[in-house]
Amino acid sequence: MAKSAENSSLTSGEVRVRFAPSPTGDLHVGGVRTALFNYLFARHNNGKFLLRIEDTDRKRSTPEAINVILDGLAWLDLLPDEEPVYQSKRIERHIAAAQKMLEDGYAYRCFCTPDELEERRRASGDYMYDRHCLNLTEAEIQQKLADGEKFALRIRVPEGRVSFDDGVHGGMQVACTEIDDFILLRRNGAPTYMLAVVVDDADMGITHVIRGDDHLSNTPKQILIYRALGKRIPEFAHVPLILGKDRKRLSKRHGATSITEYRDAGYLPETMINFLGLLGWSPGDDRDIISRRELIELFDISGIQSKAAVFDDARVRWLNGQYLGMTDYGKVEGKLERLAEDAASAGELTEVPDSKEIKTAWDLLKTRIHFLNDLFTDCRYMFRDPDVYDGKGVRKHFLQNGVVDHLQVLADDFSSLGDFRAASVEAAIRKRAEEWEVSTGKLIHPLRLACSGVTGGPGLFEMLEALGRDTVVRRINNALNWIKSLNNK
RNA sequence: GGCCUCAUCGUCCAGUGGUUAGGACACAGGGUUUUCGACCCUGCAACGGGAGUUCGAUUCUCCCUGGGGCUACCA
């Protein structure tokens with residue numbers, strides 16, 4: 001009673017799922033979501049999450065693209081539990097399966113050339129194969145073989161109907177008359193996708209096929225192959241595709257679609273897991289922040305939405321801001337240091353700040369930014385003196401009576417302050433405001449503009465402390481000079 | 001064209017045979033006597049249309065419309 005290796009996992013009841021992308025350039029966020037659902041399902045059921053690279057289309061598949069997939073999954077900590085399976089290395093298995101189907105009468109040779117097929121299709125207006133070669137006699141077949149005619153292998157679709165239960169869509173039923181005698185093996189001997197998936201999924205012991213909705217219509221065809229091969233048919237769950245704002249399938253023209261672009265734009269892995277996990281799935285309540293741990297704990301196929309979801313950039317952006325605000329410096333230190341170097345070489349910063357400076361800025365600003373990069377672009381005043389002052393701010397806060405005197409005195413006050421902590425700075429400023437009988441805002445706004453060049457940002461006192469006394473005094477003096485030169489014109 | 005599938009605010013996600021149909025993003029207004037793309041509050045805003053079942057349908061059924069998918073010797 002020896003069990004074959006390929007079936008042991010099925011009989012043991014272990015859940016085995018897979019993500020099966022084709023390496024054609026990038027790792028699409030839609031693909032990532034499919035991978036995530038598979039991963040979550042596997043983890044929830046203590047099963048295995050596998051990866052199969054569908055690289056049989058040699059023209060479009062490249063080694064670089066395979067690395068893109070691996071890198072993307074690694075970034076999200078979604079790496080498979082076993083070595084990836086490369087479909088291109090399994091062609092012998094596919095061919096053997098097709099051969100078996102031919103021998104068992106589930107497939108037949110088709111000698112029609114593509115040109116002939118197209119011509120007949122056009123003439124009849126019928127899209128399906130006319131079964132021309134199914135009616136060939138054995139003698140005719142032998143003759144053609146002897147003549148060296150090339151042939152493809154087609155499945156012989158049986159009578160009746162195919163039905164299955166889809167985890168998302170429920171009961172599905174298709175009449176076999178709707179199914180074409182599709183090709184299993186091309187005239188050049190190469191297996192088609194339809195054959196390869198089934199053989200691979202069967203060999204990998206896949207118990208649950210969770211994949212994109214675009215395969216829903218292919219499923220009956222694949223079930224026919226499972227039947228012909230005598231393999232156990234897995235459970236299916238077809239996840240609706242992700243759409244762009246115009247409700248068209250999400251693609252390049254909608255902007256960023258590859259996970260790499262999101263990573264490079266400053267999104268955190270946690271953001272993407274959270275966002276994608278809740279796009280088309282929900283635990284049944286209305287939460288919108290959820291951890292990977294909770295996702296694993298709560299995930300089930302019945303929670304998958306049956307309608308397609310639109311990818312909303314504004315929402316991911318917001319979510320990323322939420323995550324940044326919860327993130328300790330240590331977690332993003334490396335990334336920020338790299339970004340700082342990039343910003344310096346791009347001219348955003350005049351020099352590369354050290355880790356301590358970056359941490360100070362991070363702690364002060366992490367709740368107000370949406371992307372890691374924002375720290376070195378919008379908030380670059382934390383690292384370099386402003387070389388330009390916001391125009392509206394200048395009119396409102398610089399070109400007012402007394403501003404120059406105020407700033408001058410304040411700079412002196414700061415220089416002689418016992419310490420430069422926020423509380424001391426605040427006390428000094430409030431004291432002067434009272435003395436001069438002006439609102440605190442009259443001093444705060446010009447100071448902010450002088451020290452940051454912009455009119456928005458964190459609380460002023462904290463910001464000044466973070467910048468440090470020397471920087472603050474220097475920037476005030478710079479601003480003073482700038483205002484004076486303006487007045488002289 | 002044929003087949004499959006889907007349908008709650010602009011978007012994401014809840015929800016029920018009887019609810020003021022809820023939360024979030026976005027947007028708008030207000031607040032924060034220290035600003036702001038941060039935070040707080042408020043507001044705007046949906047059950048696609050038509051039949052049927054039912055005492056009663058957003059919820060169940062059918063049709064229509066609209067969206068998406070498949071229909072390759074691509075995957």
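Chain letters run A, B, ... following the sequence lines, proteins first and then strands; every chain starts at 1. All values derive from a computational prediction rather than experimental measurement.
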From CG of A/Leu241 across to P of B/rU5 the rounded distance in Å is 15 Å
Closest nucleotide among B/rA26, B/rA75, B/rA24 to the A/Tyr193 side chain
B/rA75
Between B/rC27 (P) and A/Asp313 (CG): distance, integer Å:
13 Å
Nearest-angstrom distance, C1' atom, B/rA46 to B/rC3:
32 Å
With respect to the side chain of A/Glu178, which nucleotide from B/rG2, B/rA14, B/rC70 is positioned closest?
B/rG2
Value in whole Å for how far the C1' atom of B/rG69 lies from NZ of A/Lys221:
12 Å
Hey, does A/His215 reach any base, or is it just sugar-phosphate, or nothing, if we go heavy atoms under 4.0 Å?
base
Checking only heavy atoms, does the side chain of A/Arg317 share a donor-acceptor pair with the base of B/rC25 at less than 3.5 Å?
no
Please state whether the phosphate of B/rC39, meaning OP1 or OP2, lies under 4.0 angstrom from any side-chain nitrogen or oxygen of A/Gln322.
yes
When all nucleic acid strands are considered with a 4.0 Å heavy-atom cut-off, which category describes A/Gly459: base, sugar-phosphate, or nothing?
base
Nearest-neighbour nucleotide for the A/Asp214 side chain, B/rA38, B/rC73, B/rG69 considered
B/rG69
Strictly by Watson-Crick or wobble contacts shorter than 3.5 Å, is anything paired with B/rC27, and which nucleotide is it?
B/rG43
Is it the case that A/His254 and A/Asp246 place a side-chain donor and acceptor less than 3.5 Å from each other?
yes
Side chain of A/Lys307 only, please: which of B/rU71, B/rA14, B/rA7 is the nearest?
B/rA7
B/rU11, OP1 or OP2 - any side-chain N/O from A/Lys245 closer than 4.0 Å?
no
Mind checking if A/Gly325 touches a base, just sugar-phosphate, or nothing, with heavy atoms under 4.0 Å?
nothing
I'd like to know if the side chain of A/Tyr389 pairs up with that of A/His397 as donor and acceptor (distance under 3.5 Å, no hydrogens or angles considered).
no
5' precedence on RNA chain B between A/Pro458 and A/Met172 (nearest-nucleotide basis):
A/Met172
With distance as the sole criterion, do the side chain of A/Arg287 and the base of B/rA24 form a donor-acceptor contact below 3.5 Å?
no
Side chain of A/Gln305 (C-beta onward), nearest among B/rA14, B/rA75, B/rU35:
B/rA14
May I ask which nucleotide in the shown strands pairs with B/rC3, Watson-Crick or G-U wobble, both distances under 3.5 Å?
B/rG69
Does A/Asn218 reach a base, just sugar-phosphate, or nothing at all? Heavy atoms under 4.0 Å.
base
So, does A/Tyr381 use its side chain to make a donor-acceptor pair with the main chain of A/Gly453 at under 3.5 Å?
no
Can you figure out which of B/rC25, B/rG69, B/rA72 approaches the side chain of A/Trp318 most closely?
B/rC25
Have a look at A/Gly284 and say if it touches a base, only the backbone sugar-phosphate, or nothing, with a 4.0 Å heavy-atom cut-off.
sugar-phosphate
CG of A/Leu279 versus P of B/rA24: gap in Å, rounded?
19 Å
Would you say A/Ser282's side chain and A/Leu278's backbone share a donor-acceptor pair under 3.5 angstrom?
no
Rounding to an integer number of angstrom, what distance separates B/rA24 and B/rA45 when you compare their C1' atoms?
14 Å
If you check the A/Arg368 side chain, which of B/rC13, B/rA26, B/rA38 turns out closest?
B/rA38
Nucleotide nearest A/Glu54 when distance is taken to its side chain, options B/rG22, B/rA38, B/rA75
B/rA75
Base, sugar-phosphate, or nothing for A/Arg187, non-hydrogen atoms under 4.0 angstrom?
base
Within the pair A/Arg161 and B/rC4, is there a side-chain N or O less than 4.0 Å away from OP1 or OP2?
no
Euclidean distance for P, B/rC63 against B/rU19 (whole angstrom)
29 Å
Which is true for A/Leu460 with a 4.0 Å heavy-atom rule: it touches a base, it touches only sugar-phosphate, or it touches nothing?
base
What contact category does A/Ile444 fall into here, base, sugar-phosphate, or nothing, at under 4.0 angstrom with non-hydrogen atoms?
base
Need one value for A/Cys112: base, sugar-phosphate or nothing, where a base atom within 4.0 Å counts as base even if backbone is also close, heavy atoms only.
base
Select one nucleotide: of B/rG68, B/rA75, B/rC13, the one nearest the side-chain heavy atoms of A/Ser282.
B/rC13
Could you let me know what B/rG56 is paired to, Watson-Crick or G-U wobble, both distances under 3.5 Å, or none if it's on its own?
none
Between B/rA26 atom C1' and A/Phe275 atom CZ, what is the distance in whole Å?
13 Å
Could you measure between the two C1' atoms, the one in B/rG52 and the one in B/rA57, and give it in whole Å?
12 Å
Nearest-Å distance once atom P is located in both B/rA51 and B/rG43:
35 Å
Is there a donor-acceptor pair closer than 3.5 Å between any side-chain N or O of A/Gln400 and the backbone N or O of A/Arg395?
yes
Partner of B/rA51 under the Watson-Crick or G-U wobble criteria, both distances under 3.5 Å, comes out as B/rU61
B/rU20 and B/rU58, which share atom name C1', separated by this distance in whole Å
15 Å
If you compare every side-chain N and O of A/Ser306 against the phosphate oxygens of B/rA7 (OP1, OP2), does one of them come in below 4.0 Å?
yes
In terms of side-chain heavy atoms, does A/Ser302 have a donor or acceptor partner in A/Asp300 at a distance below 3.5 Å?
yes
Counting only N and O atoms by type, is there a donor-acceptor contact under 3.5 Å from the side chain of A/Arg186 to the main-chain atoms of A/Pro191?
yes
A/Ile155 CD1 to B/rA72 C1', in whole Å, measures 16 Å
Are OP1 or OP2 of B/rC12 and a side-chain N or O of A/Arg33 less than 4.0 angstrom apart?
no
Between A/Asp181 and A/Tyr108, does any side-chain donor sit less than 3.5 Å from a side-chain acceptor?
yes
Taking the P atom of each, how far is B/rC44 from B/rG10, in whole Å?
14 Å
Roughly how far apart, to the nearest Å, are B/rG17 and B/rC64 at atom P?
28 Å
Judged by atom type as modelled, is there a donor-acceptor pair below 3.5 Å linking the side chain of A/Arg154 to the main-chain atoms of A/Arg131?
no
Can you check the A/Phe311 CZ to B/rC13 P distance for me, whole Å?
12 Å
Reckon A/Thr455 touches a base, only the sugar-phosphate, or nothing at all at heavy-atom distances under 4.0 Å?
base
Assign A/Leu449 to base, sugar-phosphate, or nothing according to its heavy-atom contacts below 4.0 angstrom with the strands shown.
nothing
Can you check whether A/Ser217 has a side-chain N or O nearer than 4.0 Å to OP1 or OP2 of B/rC3?
no
Among B/rA75, B/rG68, B/rG23, the one nearest A/Arg315 by side-chain distance:
B/rG23
Determine, step by step, whether A/Lys431 and A/Asp413 satisfy the salt bridge (Lys or Arg N to Asp or Glu O under 4.0 Å) criterion, reporting the C-alpha distance in whole Å, the side-chain angles of both residues, the deciding distance to 0.1 Å, and the verdict.
CA-CA 11 Å; A/Lys431 183 161 167 267; A/Asp413 287 351; over 6 Å; no
Comparing A/Val174 with A/Asn188, nearest RNA chain B nucleotide closer to 5' gives the residue A/Val174
Using a heavy-atom cut-off of 4.0 Å across all strands, would you classify A/Ile183 as base, sugar-phosphate, or nothing?
base
